[in-house]
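Following: one structure in structure tokens, then a few remarks.
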Amino acid sequence: MVTVTKICCIGAGYVGGPTMAMIAQKCPDIEVTVVDISQPRIDAWNSSELPIYEPGLDEIVFARRGKNLFFSTDVEGAIRKCEMIFVSVNTPTKKTGLGKGKAADLTYWELAARTIAACSESDKIIVEKSTVPVRTAEAIEKVLQRNCPHEGVRFDILSNPEFLAEGTAMTDLNAPDRVLIGGKIENPEGQAAVDALVEVYANWVPRAQILTANLWSAELSKLAANAFLAQRISSINAMSALCEATGADVKQVSHAIGTDSRIGPKFLNASVGFGGSCFQKDILNLAYICECHGLHEVANYWHSVVGMNDYQKSRFVRRMISAMFNTISGKKIAMLGFAFKKDTGDTRESPAIDVGHGLIEDGAKLNIYDPKVAADQIKMDMGDEAMKRITCCTSHTEALTGAHAVCIMTEWDEFKEYDWEAIYGVMEKPAFVFDGRLILDHQKLKDIGFIVYALGKPLDPFLKGAEGV
Ligand SMILES: NC(=O)C1=CN([C@@H]2O[C@H](COP(=O)(O)OP(=O)(O)OC[C@H]3O[C@@H](n4cnc5c(N)ncnc54)[C@H](O)[C@@H]3O)[C@@H](O)[C@H]2O)C=CC1
Ligand SMILES: O=C(O)[C@H]1O[C@H](OP(=O)(O)OP(=O)(O)OC[C@H]2O[C@@H](n3ccc(=O)[nH]c3=O)[C@H](O)[C@@H]2O)[C@H](O)[C@@H](O)[C@@H]1O
């Protein structure tokens, strides 16, 4: 079995940075180098302002950086000297060509593989960390074998999908439910490569939680896990619409069903919709793979999870408009939260983007405040045209002063701590609260005088008549 002393990770993003920081912390005898083609990203990793916000990340990076954790743009140099290479590059949805809007774009992956092939002078274990379509390892193996100019170099490919969630990345990495390693376990060399990676994780993960599988099972398990998680959210969001129509309370329903040990309590929070860079992309990719195998019914089933998510976002916008007397033209709406979930500054596929566009299309002006999202990011996500109607605020008070309504887009804890009585005082009347995350104390808000719409909760009498959306 290979004893790993040097690891390189290609891709210094949300996954590459935190996972490698954790390996460096838990395996002080392994030298870990994270490389990226983006000079600004690497500069940020080497600075005091890391490029991503993740609770607990700074401490680990600052403790290990320069000791056994390095960030560099010297991709080839790092590949040459290590025994194991993690590939954690982005795999977005294809924007053009065959499979446009559905298939995973493996351009970055293939580029990384070609670079590995070109400069590897000794055997390498390649670890797929990115989320990829099933059987990507097969394609990558061909690229590696056909492009390596050095005789006799052996490449063993493993699939080691990452299950961390943003905002809790460090605790997820520190104590994962499981680590999944797929490899060619049917032959001794493949098994040896799997064992080498098992040994790395065994430095801190109990062996019983390190699962091994064949390559294709590991690749598919990652897509399946995200599809199942997203499906739970779409299911409870579907219930939230029915709750509003019937007078049931979605929080009570999720609690009631979540106490069934077969269902379980997690991931049953109704919301304005799931966001993030992966759920939608991975489901579309899964559905595309199904279609390629002629499994159209299976593809349709998974498509409906994304369809329900789109419905929930547009339903929320329609609810806001109809509650505010069917017109929001010229009205100022404060949007609290822009990140796709709390404890991250990541805005990729955030439901706030779609809701924001929906409100602007109906003529509203938006004051956006998020404790971790910078104005530049909001500008990039919303585009120049929409920005004509958006003010990016640096405090919640700035966002709320003179607003007709406030909508909660992200479940940041600080929103619960605000002085809502004071907020009521500075807003236009009637003052509306639209809670898309069910985090506020709705009774207290009603007592103050707010008109409250909370997703999946019995409708406020003021909103009756605005049903059916
Ligand atoms: N963001 C998340 O929470 C999770 C993401 N994943 C998966 O992990 C993969 C990476 O995701 P993120 O870290 O979020 O992406 P990201 O976009 O934050 O980072 C990817 C990095 O790879 C770099 N890169 C691209 N091509 C390169 C090349 N040829 N050589 C060197 N660097 C290159 C980019 O410059 C970028 O910095 C994706 O496949 C994603 O689906 C899996 C689990 C969780
Ligand atoms: O492959 C990935 O990228 C990752 O995708 C998700 O992680 P992440 O997107 O970071 O965050 P989640 O906590 O899963 O939340 C995703 C979205 O669903 C929403 N959500 C989550 C849970 C819930 O009950 N309700 C709900 O609306 C969140 O607000 C957020 O917008 C998975 O949870 C990770 O296991 C996976 O590794």
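Read the numbers this way: they start at 1 and go in the same order the structure lists the ligands and their atoms. For this chain, numbers begin at 1 and follow the sequence in order. The basis for the numbers below is simple: all heavy atoms, side chains too, and nothing from hydrogens, waters or symmetry mates.
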Just which atoms of ligand 1 are under 4.0 Å from any heavy atom in Leu164? 3 (O), 44 (C)

Atoms of ligand 1 less than 4.0 Å from Ile10 heavy atoms? 30 (N), 31 (C), 32 (N)

State whether [X] and [Y] are salt-bridged, where the test is any N-O pair (Lys NZ or Arg NE/NH1/NH2 against Asp/Glu carboxylate O) under 4.0 Å.
{"X": "Arg348", "Y": "Asp346", "result": "yes"}
{"X": "Glu31", "Y": "Lys81", "result": "yes"}
{"X": "Lys457", "Y": "Asp249", "result": "yes"}
{"X": "Lys341", "Y": "Glu411", "result": "no"}
{"X": "Lys342", "Y": "Asp413", "result": "yes"}
{"X": "Arg319", "Y": "Glu244", "result": "yes"}
{"X": "Arg154", "Y": "Asp156", "result": "yes"}
{"X": "Lys222", "Y": "Glu162", "result": "no"}
{"X": "Glu138", "Y": "Lys142", "result": "no"}

Hey, is ligand 1 close enough to [X] that some N/O pair sits below 3.5 Å?
{"X": "Val15", "answer": "yes"}
{"X": "Glu162", "answer": "no"}
{"X": "Arg41", "answer": "yes"}
{"X": "Lys281", "answer": "yes"}
{"X": "Lys222", "answer": "no"}

Quick test: of every protein heavy atom, which one is nearest to [atom], and how far off is it to 0.1 Å?
{"atom": "atom 5 (O) of ligand 2", "result": "Phe279 CE2, 3.6 Å"}
{"atom": "atom 20 (N) of ligand 2", "result": "Ile233 CD1, 3.4 Å"}
{"atom": "atom 24 (O) of ligand 2", "result": "Asn269 N, 2.9 Å"}
{"atom": "atom 10 (O) of ligand 2", "result": "Glu166 N, 2.7 Å"}
{"atom": "atom 9 (C) of ligand 1", "result": "Val89 O, 3.4 Å"}
{"atom": "atom 17 (C) of ligand 2", "result": "Gly275 O, 3.5 Å"}
{"atom": "atom 38 (C) of ligand 1", "result": "Thr91 OG1, 3.5 Å"}
{"atom": "atom 1 (N) of ligand 1", "result": "Glu166 OE2, 2.9 Å"}

Is the number of heavy atoms from other residues, nucleotides or ligands within 6.0 Å of CZ (Phe228) greater than 12? no

First locate atom OH of Tyr53, then atom NZ of Lys372, and finally report the distance between them rounded to the nearest 0.5 Å. 5.0 Å

So how far is it from Cys27 SG to Asn203 CG, rounded to the nearest 0.5 Å? 4.0 Å

Ligand 2 contact by [X], heavy-atom criterion under 4.0 angstrom:
{"X": "Ala165", "result": "yes"}
{"X": "Arg232", "result": "no"}
{"X": "Thr131", "result": "no"}
{"X": "Lys222", "result": "yes"}

Name the orientation class of the two ring planes belonging to Phe434 and Tyr453 (parallel below 30°, tilted from 30 to 60°, perpendicular beyond 60°). tilted

In terms of ring plane angle, is the pair Phe279 and Phe274 parallel, tilted or perpendicular, where the classes change at 30° and 60°? perpendicular

For ligand 2, which atoms, with element, lie under 4.0 Å from some heavy atom of [X]?
{"X": "Leu164", "value": "4 (C), 34 (C), 35 (O), 36 (C), 37 (O)"}
{"X": "Cys278", "value": "1 (O), 2 (C), 3 (O)"}
{"X": "Asn226", "value": "1 (O), 2 (C), 5 (O), 32 (C), 36 (C)"}

Do ligand 2 and Glu411 have nitrogen or oxygen atoms that lie under 3.5 Å from each other? no

Do ligand 2 and Phe163 have nitrogen or oxygen atoms that lie under 3.5 Å from each other? yes

Quick one: look at Arg437 and ligand 2, take heavy-atom pairs under 4.0 Å, and tell me if it's side chain, backbone, both or neither. side chain

Which bit of Asn237 gets closer than 4.0 Å to ligand 2, counting heavy atoms only: side chain, backbone, both or neither? neither

For the side-chain contact (heavy atoms from CB on, under 4.5 Å) test, which of Val250, Ile408, Asn269 pairs with Leu438? Val250

Nearest-option assignment for [atom], heavy atoms, candidates [options]:
{"atom": "atom 35 (O) of ligand 1", "options": "Thr73, Thr115, Asp36", "result": "Asp36"}
{"atom": "atom 15 (O) of ligand 2", "options": "Gln280, Glu162, Lys266, Lys341", "result": "Lys341"}
{"atom": "atom 22 (C) of ligand 2", "options": "Phe267, Tyr14, Phe340", "result": "Phe267"}

Between the side chain of Glu291 and the main-chain N/O of Ala299, is any donor-acceptor distance below 3.5 Å? no

